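These numbers come from a predicted model, not from an experiment. This chain uses plain numbering: 1 for the first residue, then up along the sequence. Just follow the structure's listing: the first ligand is 1, and inside any ligand the first atom is 1.
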Amino acid sequence: MNAPDVALVLVDLQVDFMPTGMLPVAEGDQVIPIANALMPEYRTIVATQDWHPANHGSFAANHPWRKPGQVIDLHGLPQVLWPIHCVQETWGAEFVDNLNTDRITKVFRKGTDPEIDSYSGFYDNGHRKSTGMAAWLREHGITEVHVLGLATDFCVKFTVLDALQEGFRTKLIKDATRGVELQPGDVAQAIREMEAAGATVL
Ligand code: VGL
Ligand code: ZN
């Protein structure tokens with residue numbers, strides 16, 4: 001059992017990020033049994049859910065002639081365009097079937113504003129609005145977070161960087177993450193950035 005001031009953070013363990021999903025992460029399914037095995041070791045477990053409205057600006061389909069992978073300016077921020085994924089109240093946005101959700105203490109949903117994307121579980125990509133996760137963790141006496149999930153080079157990375165910025169000791173459970181790798185080497189680069197910012201890689 002970890003100390004009571006340590007929380008486990010499960011990032012985006014959702015149907016659409018599985019290898020058969022709309023925004024497939026290779027081997028993303030392999031992190032689920034690890035998450036299930038680790039949960040009994042934590043008193044506090046928070047999970048994030050990518051939770052987009054159908055008109056979300058990160059969907060290529062919402063921009064004429066744009067395709068997934070292209071980068072546009074979305075209300076002043078560079079935005080990678082994605083396939084339609086994790087639409088609120090749809091199957092793709094649900095937690096993966098075989099994830100043991102009984103032990104999850106609290107869920108934070110992100111990406112709900114159609115005008116801005118939100119990779120981090122703490123803030124949107126412009127750091128304009130908080131999800132309330134940092135305050136919630138502090139209220140529950142948490143000083144350290146252990147992060148796993150999908151995708152290493154997007155939502156996991158930005159969740160880890162914000163956790164550090166919010167003053168949490170932060171460890172990445174690397175074996176329980178997988179990345180999108182739009183470019184080969186993106187995952188290795190993301191891990192270097194997290195370490196450089198002060199994260200411990202387990
Ligand atoms: C994610 C791209 C778009 C992620 C979410 O969970 O890493 N990536 N939305
Ligand atoms: Zn998304």
Side-chain angles (χ1 to χ4, degrees), residues 8-32 34-35 46-63 66-72 74-75 77-96 99 104 107-129 131 133 145 147-163 172-174 176-183 185-191 193-194 199:
L8 181 65
V9 179
L10 310 175
V11 177
D12 295 5
L13 298 180
Q14 293 166 269
V15 169
D16 271 340
F17 298 123
M18 293 295 104
T20 49
M22 292 292 281
L23 204 173
V25 178
E27 301 182 347
D29 53 328
Q30 293 185 15
V31 312
I32 305 299
I34 309 177
V46 300
T48 66
Q49 242 176 341
D50 212 29
W51 195 254
H52 299 306
N55 66 342
H56 198 262
S58 75
F59 298 165
N62 290 329
H63 303 275
R66 294 293 181 177
K67 295 179 189 181
Q70 294 181 335
V71 179
I72 64 162
L74 186 64
H75 307 290
L77 291 178
Q79 174 68 52
V80 178
L81 293 175
W82 301 106
I84 294 169
H85 65 279
C86 296
V87 175
Q88 298 171 3
E89 314 295 346
T90 69
W91 167 241
E94 293 299 309
F95 287 119
V96 175
L99 179 71
I104 296 173
V107 177
F108 291 92
R109 289 173 167 169
K110 63 188 178 64
T112 54
D113 180 344
E115 307 221 324
I116 191 165
D117 211 355
S118 187
Y119 294 145
S120 159
F122 290 94
Y123 288 95
D124 62 61
N125 290 0
H127 265 241
R128 292 170 197 162
K129 261 179 95 178
T131 61
M133 185 154 93
V145 293
V147 181
L148 65 76
L150 306 171
T152 323
D153 38 358
F154 286 93
C155 292
V156 170
K157 177 177 108 173
F158 287 100
T159 300
V160 163
L161 295 179
D162 278 348
L172 175 74
I173 306 172
K174 187 181 134 188
T177 72
R178 291 293 186 280
V180 174
E181 289 249 296
L182 287 178
Q183 308 287 338
D186 279 358
V187 166
Q189 171 66 23
I191 289 168
E193 281 176 54
M194 291 185 261

Undergrad: What protein heavy atom sits nearest atom 4 (C) of ligand 1, and how far off is it?
TA: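 So the nearest neighbour among protein heavy atoms is C155 SG, 2.7 Å.
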Undergrad: Taking both backbone and side-chain atoms into account, decide whether D12 has an N/O/S atom under 2.8 Å from the Zn ion (ligand 2).
TA: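 No, since none of the N, O or S atoms of D12 sits under 2.8 Å from the Zn ion (ligand 2).
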Undergrad: For ligand 1, is any non-hydrogen atom under 4.0 Å from D153's backbone (N, CA, C, O), its side chain (CB onward), both, or neither?
TA: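 Neither; nothing of D153 gets under 4.0 Å from ligand 1.
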Undergrad: Around atom 6 (O) of ligand 1, find the nearest protein heavy atom and jot down its residue, atom name and distance.
TA: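 Closest protein heavy atom to atom 6 (O) of ligand 1: D12 OD2, 2.7 Å.
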Undergrad: Please list, in number order, the atoms of ligand 1 under 4.0 Å from a heavy atom of L150.
TA: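 Atoms satisfying the 4.0 Å criterion: 6 (O), 7 (O).
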Undergrad: Could you pull out the closest heavy-atom pair between G126 and I116, with the gap in Å?
TA: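 Shortest heavy-atom contact: N-CD1, 3.5 Å.
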Undergrad: For the residue pair P19 and P24, what are the closest heavy atoms and their distance?
TA: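 So the two residues come closest at O-CB, 3.5 Å.
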Undergrad: Taking only heavy atoms of H85 into account, list the atoms of ligand 1 that are under 4.0 Å away from them.
TA: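 Matching atoms, with element in brackets: 3 (C), 9 (N).
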Undergrad: Could you tell me how the ring of H85 sits relative to the ring of F17: parallel (under 30°), tilted (30 to 60°) or perpendicular (over 60°)?
TA: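 Correct class here is tilted.
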Undergrad: Is there an N/O/S atom in H85 that lies less than 2.8 Å from the Zn ion (ligand 2)?
TA: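 Yes, within the cut-off.
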Undergrad: Taking side-chain contact (heavy atoms from CB on, under 4.5 Å) as the criterion, tell me which of V160, V156, V147 meets it with V9.
TA: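 Among V160, V156, V147, the one that satisfies the side-chain contact (heavy atoms from CB on, under 4.5 Å) with V9 is V147.
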Undergrad: Below 3.5 Å, N or O to N or O, backbone or side chain included: is there any such pair between Y119 and ligand 1?
TA: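 It does not: no N or O of Y119 is found under 3.5 Å from an N or O of ligand 1.
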Undergrad: How many angstroms lie between atom CG of D50 and atom CZ of R109, to the nearest 0.5 angstrom?
TA: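 Going from the CG atom of D50 to the CZ atom of R109 covers 11.5 Å.
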Undergrad: Have a look at R178 and tell me which of D29, L148, L150 forms a side-chain contact (heavy atoms from CB on, under 4.5 Å) with it.
TA: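 When side-chain contact (heavy atoms from CB on, under 4.5 Å) is applied between R178 and each of D29, L148, L150, only L150 qualifies.
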Undergrad: From the options I32, V15, V31, select the one residue that forms a side-chain contact (heavy atoms from CB on, under 4.5 Å) with L99.
TA: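 Filter result, single survivor: I32.
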Undergrad: Give the numbers and elements of all ligand 1 atoms closer than 4.0 Å to a heavy atom of A151.
TA: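 Here the atoms of ligand 1 in question are 4 (C), 6 (O), 7 (O).
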Undergrad: Report yes if the side chains of I173 and L8 come closer than 4.5 Å at any heavy-atom pair, otherwise no.
TA: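 Yes, their side chains come closer than 4.5 Å.
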Undergrad: Which atoms form the tightest heavy-atom contact between V87 and F59, and what is the distance?
TA: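 Minimum heavy-atom separation between V87 and F59: CG2-CE1, 3.9 Å.
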Undergrad: Could you find the nearest protein heavy atom to atom 8 (N) of ligand 1 and give me its residue, atom name and distance?
TA: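 Result: F154 CB, 3.9 Å.
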Undergrad: Restricting to N, O or S atoms, which atom of D50 is closest to the Zn ion (ligand 2)?
TA: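 Nearest N/O/S atom of D50: OD2.
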Undergrad: Tell me, please: is L23 in heavy-atom contact with ligand 1, that is, under 4.0 Å?
TA: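 A heavy atom of L23 does come that close to ligand 1.
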Undergrad: Taking N, O or S atoms only and a limit of 2.8 Å, check whether H52 reaches the Zn ion (ligand 2).
TA: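 Looking at H52, which is the residue asked about, there is an N, O or S atom under 2.8 Å from the Zn ion (ligand 2).
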Undergrad: Going by the order shown, which atoms of ligand 1 are within less than 4.0 Å of some heavy atom of F17?
TA: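 Within the 4.0 Å cut-off of F17, ligand 1 contributes 1 (C), 4 (C), 5 (C), 6 (O).
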Undergrad: Nearest to atom 5 (C) of ligand 1, what protein heavy atom do you find, and at what distance?
TA: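 The protein heavy atom lying closest is D50 OD2, 3.1 Å.
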Undergrad: Measure across K129 and D124 and return the closest heavy-atom pair with its distance rounded to 0.1 Å.
TA: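 Looks like N-OD2, 2.7 Å.
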